[in-house]
Amino acid sequence: MTHLHSVMPTIGPLLPEIMMALGAMALLMYGAFRGDRSVEGVNVGALILLILTFFVVVSGHGKITTLSGAFISDNFSRIMKALILIGSAATILLSRDYFQRERIDRFEYPVMILLCTIGMMVMASANDLISLYLGLELQSLAAYVIAAFHRDDVKSTEAGLKYFVLGALSSGMLLYGASLVYGFTGTVSFPGIVTALNADSTGLGIVLGIVFIAAGVCFKLAAVPFHMWTPDVYEGAPTPVTAFFASAPKMAAMAMTVRVFIGAFPDVTAIWQQIIIFVSIASMALGSFAAIGQRNIKRLLAYSSIGNVGYALIGLAAGSEEGIRGVVVYMLIYLATTLGGFAVLLALRRKNQMFETIDDLSGLSRTHPWLAFSLAAMMFSLAGIPPLAGFFAKFYVFAAAIKAGLVTLAVIGVVTSVVGAFYYLRLVKVMYFDEPQAPYEPMSPGLRIVLGLSSAVVVLFFLVPAPLVAAAGAAAKSLF
């Protein structure tokens with residue numbers, strides 16, 4: 001009995017990850033034995049598992065470390081894991097109808113999403129460089145496979161290959177940076193690194209280590225200058241997979257970025273703050289200007305996601321509790337907006353033909369008023385127009401930057417927001433003022449659920465922002 005009590009604190013914080021791993025293995029075995037007849041069962045099983053894990057995650061409290069301090073469970077990791085699980089569950093709902101119609105409906109897909117999710121949850125809870133890298137690799141390997149899931153489609157296989165080659169390069173950079181930091185501090189644990197850097201002045205080795213870690217992290221975030229894979233992979237991968245890449249892994253990458261810089265290098269903020277400011281400005285600028293010429297909606301959303309990462313990084317650059325609160329609120333709202341946008345994109349189907357250029361939206365307000373209204377709300381929100389949720393997301397990060405004395409960064413953010421508004425509003429103009437085309441097929445129930453919930457968050461956020469902002473504040477507090 002005593003032995004059991006001593007084991008429980010060790011596995012307590014790991015319970016969500018253990019549940020996910022056991023569930024994923026069970027569903028994999030079920031699928032392997034039942035073959036193609038298991039697809040429906042595995043999809044439902046994966047959804048139930050994600051929902052159960054979500055409740056286990058949000059029911060946790062306090063700050064607990066385990067595995068000799070390599071793994072931490074606190075308010076920050078819990079809120080980020082909750083967002084990751086929502087993104088993964090929404091992806092399975094979005095994928096069902098599309099995969100059936102494309103005849104690529106296989107049980108391995110939901111299992112891959114679950115394995116990817118375990119990796120992302122480990123990234124959010126990593127408290128040393130080794131657990132961080134393990135989580136990152138588990139997430140990445142599953143992501144490379146699902147990018148190329150449509151094996152008979154040249155674009156999808158190309159997307160998988162590009163993602164794999166560039167992802168392997170970025171992993172190497174991250175690992176090299178981590179080994180430099182370990183070499184100069186003698187520890188891989190984040191609290192240990194903080195102590196070592198306290199006692200010792202930072203030399204060139206540490207600076208190089210931080211630069212390489214930042215490079216690896218920026219690739220996962222799809223931030224400039226490591227964004228080159230994003231438009232091609234987003235366009236080539238099957239649309240539900242693109243929706244997944246734009247949602248859950250972004251949450252995990254942002255959680256990992258905050259964990260590394262705030263958790264391991266709080267006393268050398270001056271070094272990494274310059275990198276984050278540069279990356280933030282470059283991402284906002286590229287995301288705003290490069291999207292102007294895009295006609296393909298998936299590529300447009302890829303550039304939009306690069307820009308959005310730039311805005312979220314403003315909060316991290318502030319390096320303060322308010323800044324991290326802004327990052328969490330921003331990612332929460334970005335998740336809802338992105339999933340809603342992709343739900344609309346997946347609904348654009350006529351006679352088994354998918355449509356994904358801006359012109360295919362023409363006159364949507366007359367043939368599908370509810371769909372047009374939802375997409376317009378998403379676009380206005382991304383442009384940061386009040387009283388929609390996107391306005392508050394930008395407000396919190398800009399306010400944190402100004403409070404931290406980064407006024408120029410906030411001004412650049414506002415200017416790029418105005419430029420970005422051009423291409424968001426162009427979509428609204430096409431839907432409401434252009435001549436309508438033939439109506440699209442009705443939406444599947446999964447798409448309706450995702451679009452309904454996303455629209456509710458985006459449109460009604462201003463009515464009850466307090467609980468979400470308070471949760472984000474508690475998450476930020478647990479890091480300082």
With salt bridge (Lys or Arg N to Asp or Glu O under 4.0 Å) as the criterion, how do E441 and R101 come out once you've worked through the C-alpha distance, each side chain's angles and the decisive distance to 0.1 Å?
CA-CA 13 Å; E441 287 174 28; R101 289 172 187 262; 2.9 Å; yes
Between F392 and F462, does a ring pair (Phe, Tyr, Trp, His ring centres under 6.0 Å) hold up when you go through it step by step?
CA-CA 8 Å; F392 294 95; F462 74 97; 7.2 Å; no
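For the atom pair I84 CD1 and I79 CD1, the distance stands at 11.5 Å (nearest 0.5 Å). Atom CZ of residue R96 and atom OG of residue S444 lie 10.5 Å apart, to the nearest 0.5 angstrom.
Geometrically, R325 does not engage Y330 in a cation-pi contact defined by less than 6.0 Å to the ring centre and at most 45° from the axis. Within the cation-pi definition used here (under 6.0 Å to the ring centroid, within 45° of the axis), R350 qualifies as a partner of F355.
No donor-acceptor contact under 3.5 angstrom links the side chains of S305 and N308, judged on distance only. Side chains of T338 and S247: no donor on one and acceptor on the other come within 3.5 Å. Remark: the K220 side chain and the S140 side chain contain an N/O donor-acceptor pair separated by less than 3.5 Å. Counting only N and O atoms by type, the side chains of T367 and Q437 include no donor and acceptor under 3.5 Å apart. Side chain to side chain, R78 and S73 meet the donor-acceptor criterion of an N or O pair below 3.5 Å. In the model, S77 has a side-chain atom that pairs as donor or acceptor with a side-chain atom of D74 under 3.5 Å. Checked by atom type, the side-chain pair S381/Y424 shows no donor-acceptor distance below 3.5 Å.
Looking at I51 and I48, their side chains never come closer than 4.5 Å, going by heavy atoms from C-beta outward.
Partner of E235 under the salt bridge (Lys or Arg N to Asp or Glu O under 4.0 Å) criterion, chosen from R299, K298, K162: R299. Test Y163, Y144, F164 against W229 for ring pair (Phe, Tyr, Trp, His ring centres under 6.0 Å) and you get one pass: Y163. Only one option out of L451, V458, L453 pairs with S455 in a side-chain contact (heavy atoms from CB on, under 4.5 Å); it is L451.
Of the possible polar contacts, none joining the T53 side chain to the P16 backbone as a donor-acceptor pair under 3.5 Å is found.
Using bins of under 30°, 30° to 60° and over 60° for the plane-to-plane angle, the ring pair Y109/F99 lands in the tilted bin.
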